Amino acid sequence: MDFSLTEEQQLIQQAARDFAQNDLFPEVIERDEEQRFPKEEVRKMGELGFLGMMVDPKYGGSGLDTLSYVLVMEELSKVDASSSVIVSVNNSLVCWGLETYGTEEQKEKYLTKLSTGEIIGAFCLSEPEAGSDATSQKTTALDKGDHYVINGTKNWITNGSSAEVYLVIAQTDKDKRHKGINALIVEKGAEGFEIGPKENKLGIRGSDTHSLIFNDVKVPKENRIGEDGFGFKFAMKTLAGGRIGIAAQALGIAAGAYELALKYSKERKAFGTEISNHQAIAFKLADMHTQIEAARHLVYKAAWDKDNGNNYDLSGAMAKLYASQVAMETTVEAVQIHGGNGFVKDYHVERLMRDAKITQIYEGTSEIQKIVISRSILKG
Ligand code: CAA
């Protein structure tokens with residue numbers, strides 16, 4: 001067992017840390033307040049290779065392992081989870097899905113641009129009545145011979161208005177239930193494809209979340225990913241890796257809040273000494289540090305499973321379940337350690353606390369992770 005990072009992984013981690021401090025940090029509060037999408041920052045992340053990290057260089061990607069991706073997610077999320085979710089969705093849900101299951105033509109046409117950040121993508125599974133219960137797709141993609149016609153609405157779509165390419169999951173044959181679902185590539189600007197209003201969110205307010213409306217949208221057959229009826233499996237397989245990315249995001253949010261709380265506790269004085277000298281604060285820091293380290297081990301292990309060809313449904317779900325819980329608990333404690341200042345935007349921890357909540361919801365709520373985990377352990 002080797003817990004050390006390779007030299008290459010350390011360099012990537014440092015590059016992400018530097019980028020987060022120099023480029024994401026300066027306007028992170030303004031972006032959150034104004035719900036401003038980090039357009040310029042996304043462009044730079046594309047240049048750094050953060051948007052197609054695991055993609056083969058022949059399709060413009062960085063050709064790195066999942067652990068490197070996790071390290072980048074962790075560092076970016078310490079500072080700005082609105083930016084890191086863009087990285088996560090583009091890498092795990094869009095590029096990985098296309099590279100693993102797409103045709104050569106789809107990869108040439110879409111993946112090469114997505115992996116360099118020339119364009120970004122969105123993954124469209126959730127619906128007003130199909131969130132956790134993802135097999136209950138109401139959006140239809142009817143087979144019309146050489147094309148499909150999509151009708152319906154998708155909800156809470158990350159990169160909703162900023163994406164150029166949308167992977168849309170929809171029901172083709174209702175009688176076949178989840179085996180009659182397809183995943184289709186839809187381009188922005190397709191006739192009948194409308195982007196709904198932007199959601200006004202509690203956290204990750206810099207990210208761009210929309211509903212999407214499809215009214216008789218024609219999609220050519222060559223835009224289907226995989227065999228007819230593969231769409232639900234595609235979504236599940238893709239989300240299994242996505243959950244590792246969100247687990248890393250949760251880990252980063254927790255670690256970012258902890259680092260701020262640690263620093264503050266050594267500077268802020270009360271009752272004649274730095275508050276870190278009070279056991280009430282020191283013990284909070286001890287708990288935070290321990291929980292974050294435990295979460296880190298789960299997240300890195302899930303990445304290692306994926307890199308080593310092991311099944312990662314269980315390890316990814318456990319990593320997301322636990323890291324998101326740690327993110328929530330740690331950020332609440334970081335606000336508490338900051339006292340009155342913790343409630344003020346300038347100190348960042350209140351934003352991290354708001355951002356933490358979504359990690360217990362998207363890419364499968366904590367309750368869904370428990371379904372995945374319990375089914376896996378019970379089947380033996
Ligand atoms: N890999 C491959 N196949 C899988 C799978 C996996 N990890 N998980 C399930 N499947 C397959 C099953 O084998 C089954 O196929 P067969 O009948 O051929 O065996 C099929 O999928 C249906 O599975 P279940 O019978 O288990 O379906 P279910 O309805 O009982 O439960 C669920 C499935 C796990 C609860 C699933 O609905 C789920 O994961 N729900 C949560 C959805 C989710 O994560 N949404 C996130 C939205 S995306 C997002 O948030 C992105 C963003 O913008 C940030």
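All ligand and atom numbering here is 1-based and tracks the order in the structure. Just the heavy atoms: all of them, side chains too, but no hydrogens, waters or symmetry mates, feed the values below. Owing to the predicted nature of the structure, the values given are computational and were not obtained by experimental measurement.
An N or O contact shorter than 3.5 Å links Glu363 to ligand 1 by distance. For ligand 1, the polar-atom distance check finds an N/O of His178 within less than 3.5 Å of one of the ligand's N/O atoms. Residue contacts with ligand 1: Lys179 is placed with a nitrogen or oxygen under 3.5 Å of a nitrogen or oxygen of the ligand (distance criterion only). Between Asp133 and ligand 1, no pair of N/O atoms sits closer than 3.5 Å. For the pair Phe232 and ligand 1, the shortest N or O to N or O distance does not fall below 3.5 Å.
Of the protein's heavy atoms, Ser132 O, 2.8 Å lies nearest to atom 40 (N) of ligand 1. Among all protein heavy atoms, the one lying closest to atom 35 (C) of ligand 1 is Ile368 CD1, 3.8 Å.
For atom 3 (N) of ligand 1, the nearest protein heavy atom is under 4.0 Å away. Proximity of atom 32 (C) of ligand 1 to the protein is not indicated, since no non-hydrogen protein atom lies closer than 4.0 angstrom.
Which parts of ligand 1 touch Ser126 is read off a 4.0 Å heavy-atom cut-off, strictly below it: atoms 47 (C). Taking every heavy atom of Arg243 and a limit of under 4.0 angstrom, the matching atoms of ligand 1 come to 39 (O), 41 (C), 43 (C), 44 (O). Annotation for ligand 1: atoms under 4.0 Å from non-hydrogen atoms of Thr135 are 29 (O). Close approach of ligand 1 to Leu239 is summarised as follows: ligand atoms under 4.0 Å from at least one heavy atom of the residue are 43 (C), 44 (O), 48 (S). Under a 4.0 Å criterion applied to the non-hydrogen atoms of Leu93, ligand 1 contributes the atoms 51 (C). In the vicinity of Gly131, heavy-atom distances shorter than 4.0 Å reach the ligand 1 atoms 42 (C). Interface of Lys233 with ligand 1, defined as ligand atoms under 4.0 Å from a residue heavy atom, comprises 3 (N), 11 (C), 13 (O), 15 (O), 16 (P), 18 (O). Residue Asp313 has at least one heavy-atom neighbour below 4.0 Å for each of these atoms of ligand 1: 6 (C), 7 (N).
Ring geometry, Tyr347 versus Tyr264: the interplanar angle exceeds 60°, so the pair is classed perpendicular (tilted spans 30 to 60°). Ring geometry for Phe271 versus His278: interplanar angle over 60°, hence perpendicular rather than tilted (30 to 60°).
Taking each of Val372, Leu314, Thr238 in turn, the one with a heavy atom nearest to atom 34 (C) of ligand 1 proves to be Val372. Considering each of Arg375, Gln369, Met236, the one bringing a non-hydrogen atom nearest atom 36 (C) of ligand 1 is Met236.
Side-chain atoms of Lys263 do not come within 3.5 Å of backbone N or O of Lys266 as any donor-acceptor pair. For Gln171 (side chain) and Asp173 (main-chain N/O), a donor-acceptor pair under 3.5 Å exists by modelled atom type.
With a 4.0 Å heavy-atom cut-off, ligand 1 is reached by the backbone of Ala134 and by its side chain too. At a 4.0 Å heavy-atom cut-off, ligand 1 touches Val89 through the side chain alone. Of all the heavy atoms of Thr158, the ones lying under 4.0 Å from any atom of ligand 1 are found in both the backbone and the side chain.
Residue contact annotation: Ser88 has no non-hydrogen atom under 4.0 Å from ligand 1.
The six-membered or imidazole ring of Tyr166 lies near that of Phe193, with a centre-to-centre distance under 6.0 Å. Separation of the Phe343 and His338 ring centroids does not fall under the 6.0 Å cut-off.
The structure places CE of Met53 at 5.0 Å from CG of Leu64, a figure rounded to the nearest 0.5 Å.
Looking at heavy atoms from C-beta onward, Tyr110 lies out of side-chain contact with Val94 at the 4.5 angstrom threshold. Between Asn341 and Arg268, some side-chain heavy-atom pair lies under the 4.5 Å cut-off.
With respect to Lys78 and Glu259, a salt bridge is recorded, a charged nitrogen being found less than 4.0 Å from a carboxylate O. The pair Lys284-Glu329 does not meet the salt-bridge criterion, since no charged nitrogen lies less than 4.0 angstrom from a carboxylate oxygen.
Judged by the 6.0 Å distance and 45° axis criteria, Lys221 is positioned over the aromatic ring of Tyr148.
Heavy atoms only, all atoms of each residue included: Gln35 and Glu199 are closest at OE1-O, 3.3 Å.
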| said: I'd like to know whether Arg354 forms a salt bridge (charged side-chain N to carboxylate O under 4.0 Å, His left out) with Glu350, so could you lay out the CA-CA distance, the side-chain angles of the two residues, the decisive distance to 0.1 Å, and finally the verdict. | reply: CA-CA 6 Å; Arg354 288 185 286 108; Glu350 65 80 34; 2.8 Å; yes

